[in-house]
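Working notes, beginning with the structure itself.
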Amino acid sequence: MAPSTPLLTVRGSEGLYMVNGPPNFTESTVLPRESGKSCKVYTFSKDGTLFAWNNGEKVNIINVTNKGLLHSFDLPKAVCLEFSPNNTVLATWQPYTTSKDGTAGVPNLQLYDVKTGTCLKSFIQKKMQNWCPSWSDDEVICARNVNNEVHFFENNNFNTIANKLHLQKVNDFNLSPGSQPYKVAVYVPGSKGAPSFVRLYQYPNFAGPQAALANKSFFKADKVTMLWNKKATAVLVIASTEVDKTGASYYGEQTLHYIATNGESAVVQLPKNGPIYDVVWNSSSTEFCAVYGFMPAKATVFNLKCDPVFDFGTGPRNAAYYSPHGHILVLAGFGNLRGQMEVWDVKNYKLISKPVASDSTYFAWCPDGEHILTATCAPRLRVNNGYKIWHYTGSVLHKYDVPSNGELWQVSWQPFLDGVFPAKTITYQAVPSEVPSEEPKVTTAYRPPALRNKPVTNSKLHEDEPPQNMKPHPGGDKPLSKTALKNQRKHEAKKAAKQEARSDLAPTPAPQSAPRNTITQSASGDPEVDKKIKNLKKKLKAIEQLKEQAAAGKQLEKNQLEKIQKETALLQELEDLELGV
């Protein structure tokens with residue numbers, strides 16, 4: 001039986017409702033439309049079979065398959081909802097409040113049994129950040145950060161703390177995906193000159209200094225983001241400071257670290273200076289993509305040795321998204337960028353399409369690995385709210401614009417478990433669409449009145465660097481293969497080494513004891529001719545350097561290209577002078 005199409009859930013000033021996914025895009029009957037603006041939050045379970053939302057009065061849970069209401073909880077102030085991985089527990093959080101006389105408030109984090117509807121446990125959780133407990137995928141263990149300790153519960157028994165991980169000032173932790181053996185990454189910020197560090201542990205071995213699987217310490221870290229790969233073999237750590245003391249960046253300073261569970265660790269060397277906008281693992285767990293550097297930003301795929309595998313060059317981008325199957329990568333520039341997307345075939349590193357989703361604030365892959373959702377949501381942008389469904393080949397299959405007096409707050413796909421949708425062969429031909437394509441508005445640069453009647457000069461603030469397989473190279477117009485690129489780099493390195501060796505051996509003004517070395521000087525007998533020969537050789541050497549720069553991918557100016565075109569004429573002139581013609 002073929003899997004059903006994922007639903008879209010939409011929350012905004014028009015209410016809460018569901019839309020059938022491609023190819024129909026009609027309103028779904030799974031959830032009767034909740035009119036009004038009272039819905040504060042909604043969530044799906046991990047497998048997409050359960051749906052919970054707060055309608056301003058109660059938190060309700062329905063079964064998406066049979067559309068039946070399972071439970072209602074009297075929690076009008078709940079603003080966060082989360083299901084456990086196996087749909088056993090629903091966690092709810094509402095803002096923590098204290099009474100006027102200063103006495104402690106009531107517990108605001110509730111854990112409900114989804115089957116029976118009973119409250120399993122209530123906790124006090126003051127901060128909204130990291131409010132939700134973390135479960136392992138099989139729900140055998142569950143962890144919470146409490147007063148610089150990580151408390152572990154087993155088999156959803158929240159009345160007994162099964163284990164504790166105590167380190168001085170534990171700021172954050174991240175439980176590994178997958179089942180046993182369970183691993184946990186913990187972050188401890190530095191203090192009094194001591195460095196910050198991230199350590200990896202295997203549950204429940206927390207005792208003793210040798211218990212850690214791996215340890216990575218670093219300075220310059222006010223906060224970190226820890227990203228496990230799918231196989232739980234390695235963690236990427238983005239360490240950030242709030243302020244860049246060098247003054248180079250308004251966004252602070254970031255560094256990227258790699259830590260493996262076998263004890264290996266490294267700093268990922270990024271070729272371009274500037275902020276790290278996004279880092280994402282491929283679902284294969286063998287590669288990750290980083291978007292980094294001052295605009296236009298670079299994007300590079302690295303392997304587990306932290307060596308670059310493919311360089312996408314530079315462009316207006318600040319985010320990267322792998323498809324659920326890991327075979328397609330989207331590089332995009334959202335937020336304060338114009339919404340340019342680049343869709344890449346990861347296996348062949350071939351560009352599939354370059355659609356533009358203007359003013360987008362949200363992006364999500366459909367679980368089927370074929371469709372993409374982009375949206376413009378409030379409060380990030382309060383005008384032109386709406387969403388679009390794309391095929392990865394660049395076609396817009398469905399578009400919805402919110403009325404001018406309305407707002408869109410949230411839109412998302414119904415999730416499905418991995419493997420439900422099989423991976424399909426990548427196509428490069430744009431799929432047909434009934435939605436008329438919109439040409440992005442081309443905005444011309446401001447020109448002062450004095451220049452408006454004069455020809456436009458093509459000048460750029462930055463030189464865009466093309467992807468490594470599209471850089472110009474001698475010997476043809478076809479992109480080079482990985483092996484050819486590797487051989488070309490080796491050849492260029494050898495050539496540079498030879499030139500360096502020659503320059504080291506080049507004669508200095510030779511003393512009389514070394515008359516042989518003076519043979520390199522031209523001796524036509526006419527000082528004027530010798531001077532011309534010297535100038536021609538100087539020009540030819542400059543042309544050689546320009547050709548090498550072009551081969552390395554640098555974009556040359558018009559006058560530099562004209563110089564290269566004169567090479568044949570200069571060589572002929574030099575030959576004539578040396579022959580005395």
Side-chain angles (χ1 to χ4, degrees), residues 5-44 51 53 55-56 316-319 321 330-343 353-368 370-415 430-444:
T5 307
L7 297 167
L8 269 174
T9 306
V10 183
R11 182 176 70 90
S13 56
E14 295 180 302
L16 175 73
Y17 59 96
M18 288 186 182
V19 176
N20 292 308
N24 299 321
F25 306 111
T26 53
E27 188 165 334
S28 172
T29 57
V30 169
L31 175 72
R33 183 186 282 250
E34 291 259 357
S35 300
K37 303 179 181 180
S38 56
C39 179
K40 299 176 181 177
V41 61
Y42 72 79
T43 188
F44 275 102
F51 181 77
W53 77 99
N55 60 11
R317 53 173 82 112
N318 55 12
Y321 307 92
V330 175
L331 302 173
F334 295 139
N336 58 351
L337 297 177
R338 61 176 179 259
Q340 176 74 61
M341 295 189 286
E342 300 168 48
V343 185
S353 63
K354 283 187 77 171
V356 177
S358 301
D359 301 329
S360 294
T361 61
Y362 178 77
F363 175 102
W365 272 102
C366 179
D368 65 8
E370 281 196 271
H371 299 94
I372 290 168
L373 165 67
T374 63
T376 305
C377 299
R380 180 68 177 83
L381 280 176
R382 296 192 183 275
V383 293
N384 300 330
N385 282 189
Y387 65 86
K388 292 178 183 177
I389 309 297
W390 308 70
H391 191 268
Y392 65 78
T393 53
S395 305
V396 179
L397 304 180
H398 177 65
K399 179 185 175 185
Y400 177 74
D401 293 323
V402 174
S404 57
N405 60 342
E407 290 181 350
L408 176 67
W409 301 326
Q410 190 180 1
V411 58
S412 61
W413 293 105
Q414 174 191 10
V431 300
S433 170
E434 295 177 4
V435 179
S437 60
E438 292 179 8
E439 289 296 324
K441 293 176 184 177
V442 179
T443 54
T444 55

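Everything quoted here is computed from the prediction, not taken from an experiment. Note: hydrogens, waters and symmetry copies are ignored here, and every other heavy atom, side chains too, is used. For the single chain, residues carry numbers from 1 onward in sequence order.
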Please name all residues satisfying ring pair (Phe, Tyr, Trp, His ring centres under 6.0 Å) with [X], sequence neighbours left out, ordered by chain then number.
X      : answer
His398 : Phe25, Tyr387
Trp53  : Phe51
Tyr321 : Phe363

For this session: Scan residues 330-342 for pairs that pass salt bridge (Lys or Arg N to Asp or Glu O under 4.0 Å), counting only residues two or more places apart or in two chains.
Result: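 The answer is Arg317-Glu342.
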Contacts of type side-chain contact (heavy atoms from CB on, under 4.5 Å), residue [X], not counting sequence neighbours:
X      : value
Asp359 : Thr376, Leu381, Asn384
Thr26  : Asn20, Asn24
Ser353 : Val343, Pro355
Glu14  : Tyr17, Arg33, Tyr400, Pro403

[atom1] of [X] to [atom2] of [Y]: how many Å apart, nearest 0.5 Å?
X      : Y      : atom1 : atom2 : value
Tyr392 : His371 : OH    : NE2   : 9.5 Å
Asn385 : Arg380 : CG    : CZ    : 12.0 Å
Gln340 : Leu331 : CD    : CG    : 10.5 Å
Arg11  : Leu408 : CZ    : CG    : 9.0 Å
Gln414 : Ser28  : CD    : OG    : 9.0 Å
Met18  : Leu8   : CE    : CG    : 10.0 Å

For this session: Measure across Ala375 and Val411 and return the closest heavy-atom pair with its distance rounded to 0.1 Å.
Result: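 For Ala375 and Val411, the tightest heavy-atom pair comes out as CB-CG1, 3.5 Å.
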For this session: Of all the heavy-atom pairs spanning Ser13 and Gly406, show the shortest one and how long it is.
Result: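 The pair with the smallest heavy-atom distance is OG-CA, 3.2 Å.
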Are [X] and [Y] close enough that some pair of their side-chain heavy atoms sits under 4.5 Å apart?
X      : Y      : value
Trp365 : Val330 : yes
Trp413 : Asp368 : no
Gln410 : Tyr362 : no
Ile372 : Thr374 : yes
Thr5   : Pro22  : yes

Problem set entry | Main-chain N/O of Val431 paired with Ser395 side-chain donor or acceptor, under 3.5 Å |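 Looks like yes, one N/O pair under 3.5 Å.
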Problem set entry | Donor-acceptor contact below 3.5 Å, side chain Ser360 vs main chain Gly339 |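 Judged by distance alone, no pair lies under 3.5 Å.
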Please enumerate all residues that pass side-chain hydrogen bond (donor to acceptor under 3.5 Å, both in side chains) together with [X], with sequence neighbours excluded.
X      : result
Tyr42  : Ser412
Ser404 : none
Thr9   : none

Problem set entry | Those residues that, when tested against Arg382, pass salt bridge (charged side-chain N to carboxylate O under 4.0 Å, His left out) (two or more places apart) |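 If we apply the salt bridge (charged side-chain N to carboxylate O under 4.0 Å, His left out) test to Arg382, skipping adjacent residues, the hits are Glu407.
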